[in-house]
Amino acid sequence: MKVLVINCGSSSFKYQVLDMPSGQALCSGLVERIGDAVGSLTHKFHPGAADEVKHSQEQPFPDHTAGMHAVVALLTDEKLGVIKDLSEIAAVGHRVVMGGEILQKACLVGEAEKKAIRDLSPLAPLHNPANLQGIEVAQALIPNAPSVAVFDTEFHATMPPKSYIYAVPYDLYETLHVRRYGFHGTSHGFVAREAAAFLGKDYDTFNCITCHLGNGCSMAAVQNGKCLDTSMGMTPLAGLVMGTRCGDIDPAIHAYIAQSKGLSVKEIDTMLNKQSGLKGLCGVNDMRDIHTAREQGDAKAQLAFEVFAHAIKKCLGAYYAILGRVDAVIFTAGIGENDNHLRAEVCSGLEHMGISIDPVENDKRLGKPRSISPAGTRVPVLVVPTNEELEIARATLAVLGK
Ligand code: ADP
């Protein structure tokens with residue numbers, strides 16, 4: 001059975017066709033710069049496999065529909081295609097960022113669900129309208145395949161009020177739905193389950209701390225297989241330091257910058273989302289570039305690295321405290337999976353908490369779950385590759401009872 005997974009942004013979308021239940025990715029790709037004079041489509045046939053074929057094309061994609069038409073042509077292409085006919089697509093799973101308190105679980109998308117996703121747009125203005133557009137385009141082009149929405153917020157819906165309520169006037173929660181929602185939920189849920197299976201533990205009694213460190217970064221405290229707390233907030237701007245996002249800062253800074261620099265709310269919002277984080281501190285947001293700069297003695301790059309790691313270490317301590325018993329610490333996503341320096345820095349000096357890493361294991365690379373702590377450590381530290389597309393495909397079929 002083949003499932004098409006779509007992750008749609010405002011001017012780009014990613015897609016993947018997975019063979020289920022094996023979970024094998026048959027093809028994956030990315031359409032970028034939709035609406036620009038020239039856009040690009042990068043398509044991989046059998047991504048990551050020995051027979052991987054990469055194909056790129058540049059052309060204008062005036063809108064998402066045009067991009068999806070090009071993708072559908074490739075999916076059924078004689079050489080690069082993975083299906084003969086669109087009827088082979090059993091379902092389309094869509095990543096939707098914000099489900100709010102109304103859509104707490106993955107669901108089949110009909111008119112009522114589309115309205116709910118649209119109504120939630122004020123809480124996720126950069127994401128939900130784009131996610132909805134992806135659903136509408138897919139429904140128009142592949143009408144026979146049911147569309148399922150899988151929410152970034154779902155995994156965090158189990159947080160208790162003490163974790164999700166902000167100490168601001170309570171009516172802001174009641175009237176404007178101001179609260180912590182959390183994001184990256186499909187990734188946190190996926191790696192937590194993978195880790196329990198790797199350690200041979202029962203997931204329903206598994207406690208862990210998951211660190212999703214990519215361009216966006218977040219952590220979750222998982223108790224008995226359920227999210228107890230997470231670092232992102234009402235929006236993905238909160239919590240850890242990220243590539244271009246500031247993470248937690250004193251909320252008074254907002255008013256101070258507005259008054260001192262005469263910036264508008266929108267300008268400050270852009271500054272905190274796009275010109276802050278690692279980029280704001282040292283000019284680059286790619287962790288690999290930061291390491292190169294550090295090696296060349298760049299003091300700001302060194303500072304950026306330290307600030308980034310310090311935020312993760314503090315959150316690790318906080319989640320250790322609220323969990324009590326921790327069965328594993330898990331690193332995932334681009335930085336979490338690949339950056340041995342960062343993992344070593346975060347875990348340094350935590351031996352008293354039963355957390356330590358083996359430098360030899362930490363420096364190895366392996367595309368599957370593995371332990372990087374010395375044998376017999378009280379709290380195993382794991383690197384678990386995330387696979388949000390697979391998690392979305394599984395959730396999609398679960399909703400459809402397939
Ligand atoms: P996204 O959040 O966009 O999905 P990814 O999970 O792909 O992002 O993570 C992107 C981040 O991973 C970038 O900061 C990149 O520098 C970092 N990264 C990728 N490979 C490495 C590596 N070998 N060492 C350190 N950082 C890496």
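All of these numbers come straight from a predicted model, not from anything done at the bench. In each ligand, atom 1 is the first atom listed, and ligand 1 is the first ligand listed.
- Short contacts between ligand 1 and Arg365, defined as distances under 4.0 Å to a heavy atom of the residue, involve ligand atoms 23 (N).
- For ligand 1, the atoms sitting less than 4.0 Å from at least one non-hydrogen atom of Ile335 are 11 (C), 12 (O), 14 (O), 17 (C), numbered in the order shown with element in parentheses.
- Between Arg288 and Asp286 there is a salt bridge, since a side-chain N of the basic residue sits under 4.0 Å from a carboxylate O of the acidic one.
- Between His291 and Phe305, the ring centre distance stays below 6.0 Å.
- Nearest protein heavy-atom contact of atom 7 (O) of ligand 1 is Gly334 CA, 4.3 Å.
- Taking only nitrogen or oxygen atoms, main chain and side chain alike, Gly214 does not reach within less than 3.5 Å of ligand 1.
- The contact set between ligand 1 and Asp339, taken as ligand atoms under 4.0 Å from a residue heavy atom, comprises 25 (C).
- Ring geometry, Tyr164 versus Tyr173: the interplanar angle falls from 30° to 60°, so the pair is classed tilted.
- Close N/O approach between Leu213 and ligand 1 is not found [any backbone or side-chain N/O within under 3.5 Å].
- Within 6.0 Å of NZ in Lys114 there are more than 12 heavy atoms belonging to other residues, nucleotides or ligands.
- The shortest N/O to N/O separation between Lys14 and ligand 1 does not fall below 3.5 Å.
- A salt bridge does not link Asp298 with Arg294: every distance from a Lys NZ or Arg NE/NH1/NH2 to an Asp or Glu carboxylate oxygen is 4.0 Å or more.
- Checking only distances, His212 never comes within under 3.5 Å of ligand 1, N or O to N or O.
- Each of the following atoms of ligand 1 lies closer than 4.0 Å to a heavy atom of Met287: 14 (O), 16 (O), 26 (N).
- With a 6.0 Å cutoff to the six-membered ring centre and a 45° limit on the axis angle, Arg193 does not count as a cation-pi contact of Phe190.
- Nearest protein heavy-atom contact of atom 13 (C) of ligand 1 is Asn215 OD1, 3.9 Å.
- Using a 4.0 Å cut-off between charged nitrogen and carboxylate oxygen, Arg118 and Glu136 count as a salt-bridge pair.
- For the ligand labelled ligand 1, residue Gly243 lies outside the 4.0 Å heavy-atom shell.
- When each of Thr230, Thr386, Thr210 is checked for a side chain to side chain donor-acceptor pair (under 3.5 Å) with His188, only Thr210 meets the rule.
- The Gly216 neighbourhood of ligand 1 comprises atoms 2 (O), with distances under 4.0 Å to a heavy atom of that residue.
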